Amino acid sequence: MTASDIVYEGNALDHFLYRDGHLFAEDVPVAEIAAAVGTPFYVYSTATLTRHFTLFDEALEGMPHLVCFAMKSLSNQAVLKTLAAAGAGMDVVSGGEYFRAKAAGVAGDKIVFSGVGKSADEMRMALTGGIRQFNVESEPEMEMLSAVAVELGVTAPITIRVNPDVDAKTHAKIATGKSENKFGIPISRARAVYKMAAALPNLKIVGIDVHIGSQLTDLAPFEAAYLKVADLVETLRTDGHEIVRLDLGGGLGIPYTRSNAVPPLPVDYGKMIKRTLGHLGCEIEIEPGRLISGNAGLMVSKVIYVKEGEDRQFLIIDGAMNDLIRPAMYDAHHDIVPVVEPAVGHEPAKYDIVGPVCESGDTFAKGRDLPQLAAGDLVAFRSAGAYGAVMSSEYNSRPLIPEVLVNGDQFAVIRARPTYEEMIARDTMPEWL
Ligand code: LLP
């Protein structure tokens, strides 16, 4: 087994493989799902979700730990339940995500609450329903949390998210660990802020939190940040604080193309964590999202038209930027593959792959090599499980697309496509109309 076999769903351990010329999701033909639910849709693999969770869980073996799935990457209830059953905790960033986690049966003491702008209502909700810890990101937030905890007569367990001023070397929109980013408190002010936390009523300091960005393809920035955290643990302990838990965030990247160098594996990430922080005797939490969900999902779409441009061919498909916004928003690359495997010696073609939305930004790929396709053919976007469905919208009044979960030879719709009636039902008329 090579490194890429382990995390990239494209090789030996793949759960989205061609069999007899047809793309399968585990043991279900993708075309069969398309016939049942219509296109476009998302499909997720149970086996991949649980395997990726387990890779992290095993990587931290030997240290007390909890892997909290960053459910912002994929928050369908059935997915949460699948991961919770495997032993995952959840990293939530809003009242809505907290509600989803609890509704999926996750115990409060396995939920960590992250985010720069938690409201008093969200704090109340988590303190009432149970919470493992709040990752606090500013002094005013800390004061608010203390006040809410006093009001409820409870104690709020906290870590403080420090900003280590490390360059994550990832896309600017998803880097969070530089001092210019809005996240965390500058590590240089950490001692003062911990002192303030210790003096506020109804807060209990349990540890330190750090998260430097997403889609990191190198361990070096993580290691630089974690070394700073290790120093900070010693300093804060000298100051008399009890630091028993380290939340190290998420961010380990995935290979979006087969030609890319393979990012570090969870096992190597785990070894680095042991090396940099293992001697401190802390419980370790991590918050991976993309590496668990990314390659566990496809977005499947159908060709509507093949259109001849002046110097190019457009493949107009029924999926659009509102369904998968990553290419438009981050210039992200997704491998796009035909659902019917190209025959050996097939006629190759080059396409600009675009959706029906009325913006030039609704372009998934330019000059992409594919076999010749025709109207009605199905294509699948790989690595679409993370930040796909959760970032979709009904722009152009295109109803949210369905989500399907596969488990072996079974599949189930886990979010149905709304009808047009359902789509507009949340609009209400003022009485003067
Ligand atoms: N923990 C915190 C505090 C985070 O802010 C994030 C992601 C994670 C964990 C999970 O990171 P992951 O393991 O998934 O890299 N929409 C963007 C990604 C935004 C990431 C935001 N924070 C994309 O489509 O690439």
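Everything numeric in this text was worked out from a predicted model, so none of it was measured. Values below: all heavy atoms of this structure, side chains included; hydrogens, waters and symmetry mates excluded. Along the sequence shown, the residues carry numbers beginning at 1. Indexing begins at 1, ligand by ligand and atom by atom, following the structure's order.
Looking at S293 and Y44, their side chains never come closer than 4.5 Å, going by heavy atoms from C-beta outward. For the pair D377 and K302, the minimum side-chain heavy-atom distance is 4.5 Å or more.
Within 4.0 Å of ligand 1, contacts by protein heavy atoms are made from A70, K72, D91, R161, I174, H211, S214, Q215, G250, G251, E287, P288, G289, R290, R326, Y330, Y387, M391.
Pairs engaging residues 170-201 under the ring-ring contact (aromatic ring centres under 6.0 Å, His included) rule: H171-Y330, Y194-H241 [sequence neighbours left out].
Residues forming a side chain to side chain donor-acceptor pair (under 3.5 Å) with D318 (at least two apart in sequence, or on another chain): T39, S301. By the side chain to side chain contact (heavy atoms under 4.5 Å, CB included) test, L227 is found to be paired with E223, T276, residues two or more places apart in sequence or in another chain being considered.
The number of heavy atoms from other shown groups lying within 6.0 Å of CZ (F99) does not exceed 12.
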